[in-house]
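A quick write-up on the structure given underneath.
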Amino acid sequence: MQVTDDLDALLATLPPDVAEKLTNHPQRGELIEVVIDLGRKPEARFASHWEYLSDATVTREDIQFCSDRVGMFSGDNRAGIERTLHRISAMRNRAGEIVGLTCRIGRAVYGTIGMIRDLVETGRSILMLGRPGVGKTTALREIARVLADDLNKRVVVIDTSNEIAGDGDIPHPSIGRARRMQVASPELQHQVMIEAVENHMPEVIVIDEIGTELEALAARTIAERGVQLVGTAHGNRLDNLIKNPTLSDLIGGIQAVTLGDEEARRRSSQKTVLERKALPTFDIAVEMLERQRWVVHQEVSETVDIILRGHEPGMQVRSVNEEGEVEVYEEKGNAPSTGNGKTRLQNPVLPRPTGWRASGQMTPVDSSPPRNPDFEQMLDQSWQQTEGKTEKVRTPGPNGEDWPVYVYPYGISRNLLDQVMELLNLPIVLTKDIDHADAVLALRSQVKNHSKLRQLAKTKEIPIHVVKSNTLPQITRTLQRLLDLDPTTAEGIDFRMFTENSNEDELEALEEARLAVEQIVIPKGQPVELLPRPAKVRKMQHELAEHYRLKSDSFGEEPNRRLRIYPA
């Protein structure tokens, strides 16, 4: 690795006795920062230890000497030295006077991203996490240079504190051909991020220290516009972002979800669980545990899902050995497996389609292939499936009609049919032979796409009754119409036809809708508004209103969206 630190430029801003001690220091290459506090001895902090640089305490004149030789302090109390990467941060008293300085050494380390260069070249968005001083900004600087110089991409660096590309109007050579946009004030960082995308047509945006909700929202906007995003965030591990409501949107956002009884039993969990709200802004996350040891999560969505399920995710650890070679090894987690070696996830990331179809080079198949005569014969035979010898037993219905009615179902769920017939005790017998049928009950989509069914029913003079969809209310209404039963006069509506779980909330909402229809809408001819309900429950209320042959509509904004039922 090649290191450029411009340390002499920083030493020139320090008091002479402090600068002299550091100039000849044997470990000056490991210097991290110099701390100068009023009334205390000046202090040097190295990678593994710290030491005092003088026996004399710091005076106001020493602090003024340093302040006069650096750039202007911005709103976040940071300043720099022109054409260098050093950062000088000020501590102020209540009167606004500077009483302490932290002079942090900025180094350009070429080759520092060797551990993740393959990920950088994929074009996917990368989020860097780690404690202060672990080298996030140094890695960010090198990523910008590699993308701009080696991969020839249009890179824009959003440099809020002039820490990535140095102080002054001319950026430091360490970012290569990448362009740098400065930010007038830290609270305007999110606006500059959006401005960079709208005005300068970048392929890559590099941003340091995403720390507010507005910046997280701006990052998602950038990622959804197809721009590769490389950034750092406050947090040591991925778990920290999950617990941080301000920045959790970077990894998809977290929401509380109430599961149904069956799903909760299947998961062996509580009914209220935490789940990921959306796809993450960043596809890849890198946890910088140490300077030469990083943990890589190549699918952030999968990792977050595993953590929210209470399991330990697997990790890919990358480190550099003493010879400078990158070593990669996997640490397995305790997440449940599907049995084929893959992790069973709630919201898996679907692979991007590949091959001839995805490339658009596949030749379309002839839309009218020659018909196989054997297939035609098999299709004709399928309409008449032999049953045991049974004679139709007829009994007169309430209007003199013959009951039971023999129905040939086509494309309708047999389980739902049996359920409706059992709940309503309908005089219907299902038959597999269309010759024995009194009527055909078919799904609308099946009737549209199968002319053979229409032709056969017409030849045999059998009526076709169409069901809109495979749901209990739709099947119930069609069967009642087939039997000439009026659903509005049916006594004791069974709410099980409209509910999925038959829990108390659903039954209460349906009972509310029934009373409104039977006591106000039908007898008084007035519309009625029901109480606000979730979308799933409102759908059941819609189906109940349709059962009474009444129109209904949802209006209002969530969570106060509710149903309005109109008279016929």
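Quick note: residue numbers are just sequence positions, from 1.
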Would you say E121 has more than 12 foreign heavy atoms packed within less than 6.0 Å of its CD?
-> yes
Do R83 and D6 meet the salt-bridge criterion of a basic N to acidic O distance under 4.0 Å?
-> no
Give the intermediate values and the outcome of side-chain contact (heavy atoms from CB on, under 4.5 Å) for residues R318 and D118.
-> CA-CA 12 Å; R318 302 189 180 194; D118 58 320; 2.8 Å; yes
Heavy atoms of G71 and D167 approach each other most closely as CA-OD2, 4.1 Å
Considering only NZ, NE, NH1 and NH2 on the basic side and carboxylate oxygens on the acidic side, decide whether D261 and K271 come within less than 4.0 Å.
-> yes
Between E82 and H172, do the side chains contain an N or O donor and an N or O acceptor separated by less than 3.5 Å?
-> no
Grab the two heavy atoms, one from Q189 and one from I210, that are nearest each other, plus how far apart they are.
-> NE2-CA, 4.5 Å
Should we say atom CD of E20 is surrounded by more than 12 heavy atoms from elsewhere, each under 6.0 Å from it?
-> no
V155 pairs by side chain to side chain contact (heavy atoms under 4.5 Å, CB included) with which of V230, L147, D149, I205?
-> L147
Just by distance, do the side chain of R28 and the backbone of T23 share a donor-acceptor pair under 3.5 Å?
-> yes
Does the gap between the ring centers of H297 and F282 come in under 6.0 Å?
-> no
Distance (rounded to the nearest 0.5 Å) between L151 CG and I143 CD1 | 11.0 Å
Heavy-atom closest pair (L274 atom, L308 atom, distance to 0.1 Å) is O-CB, 3.7 Å
Could you pull out the closest heavy-atom pair between A233 and L247, with the gap in Å?
-> CB-CD1, 4.5 Å
For A139 and I113, which heavy atoms make the closest approach, and how far apart are they?
-> O-CG2, 3.7 Å
For the residue pair M193 and A218, what are the closest heavy atoms and their distance?
-> CE-CB, 4.0 Å
Flag for E287-N236: side-chain donor and acceptor within less than 3.5 Å = no
E33/R87 salt bridge by N-O under 4.0 Å criterion = no
Check: D208/T232 side-chain N/O donor and acceptor closer than 3.5 Å = yes
Before giving the answer on side-chain contact (heavy atoms from CB on, under 4.5 Å), spell out for E323 and V320 the whole-Å C-alpha distance, their side-chain angles and the decisive distance to 0.1 Å.
-> CA-CA 8 Å; E323 289 77 26; V320 178; over 6 Å; no
Return yes if some donor-acceptor pair links the side-chain N/O of R538 with the main-chain N/O of L563 below 3.5 Å, else return no.
-> no
Is a donor on one side and an acceptor on the other found under 3.5 Å between the side chain of R561 and the backbone of G556?
-> yes
For D68 and Q64, does a side-chain donor sit closer than 3.5 Å to a side-chain acceptor?
-> yes
If only atom types and distance count, is the side chain of R131 paired as donor or acceptor with the main-chain N or O of L289 below 3.5 Å?
-> yes
Hey, what do you get for CG (L14) to CZ (R69), rounding to the nearest 0.5 Å?
-> 10.5 Å
Between Q228 and R124, is there a donor-acceptor pair closer than 3.5 Å when you use the side chain of the first and the backbone of the second?
-> yes
State whether the side chain of S125 and the backbone N or O of L229 hold a donor-acceptor pair below 3.5 Å, judged by distance alone.
-> yes
Please confirm whether the backbone N or O of Q191 pairs with a side-chain atom of E195, one donor and one acceptor, at under 3.5 Å?
-> no
Just wondering, are more than 12 heavy atoms of other shown residues or ligands nearer than 6.0 Å to CE in M91?
-> no
Geometric class of the H49/F46 ring pair [parallel <30°, tilted 30-60°, perpendicular >60°] = parallel
Between the side chains of Q182 and D159, does any donor sit under 3.5 Å from an acceptor?
-> no
For the pair S161 (side chain) and E163 (backbone), establish whether a donor and an acceptor sit closer than 3.5 Å, ignoring hydrogens and angles.
-> no
For atom CG of N93, is the number of surrounding heavy atoms from other residues, nucleotides or ligands below 6.0 Å larger than 12?
-> yes
Judged by modelled atom types alone, do T272 and Q270 share a side-chain donor-acceptor pair under 3.5 Å?
-> no
Please indicate whether E330 has more than 12 foreign heavy atoms, meaning atoms of other residues, nucleotides or ligands, lying under 6.0 Å from its CD.
-> yes
Under 3.5 Å donor-acceptor, R154 side chain and M201 backbone = yes
Between T13 and H86, a side-chain donor and acceptor under 3.5 Å | no
Given side chains that start at C-beta, do those of V296 and Q298 come closer than 4.5 Å, heavy atoms only?
-> yes
Verify, without hydrogens or angle tests, whether T221 (side chain) and L217 (backbone) share a donor-acceptor contact under 3.5 angstrom.
-> yes
CG on D37 to OG1 on T102, rounded to 0.5 Å = 6.5 Å
Y110 and R145, any side-chain heavy atoms less than 4.5 Å apart = yes
Before giving the answer on side-chain contact (heavy atoms from CB on, under 4.5 Å), spell out for E327 and M115 the whole-Å C-alpha distance, their side-chain angles and the decisive distance to 0.1 Å.
-> CA-CA 8 Å; E327 296 178 345; M115 288 189 286; over 6 Å; no
Distance (rounded to the nearest 0.5 Å) between K277 NZ and Q255 CD | 6.0 Å
In this structure, are over 12 heavy atoms from other groups packed under 6.0 Å from R177 atom CZ?
-> yes
Rounded to the nearest 0.5 Å, what separation is found between the CD1 atom of I116 and the CE atom of M288?
-> 7.5 Å
Can you tell me if CD on E322 sees more than 12 non-hydrogen neighbours from other groups inside 6.0 Å?
-> no
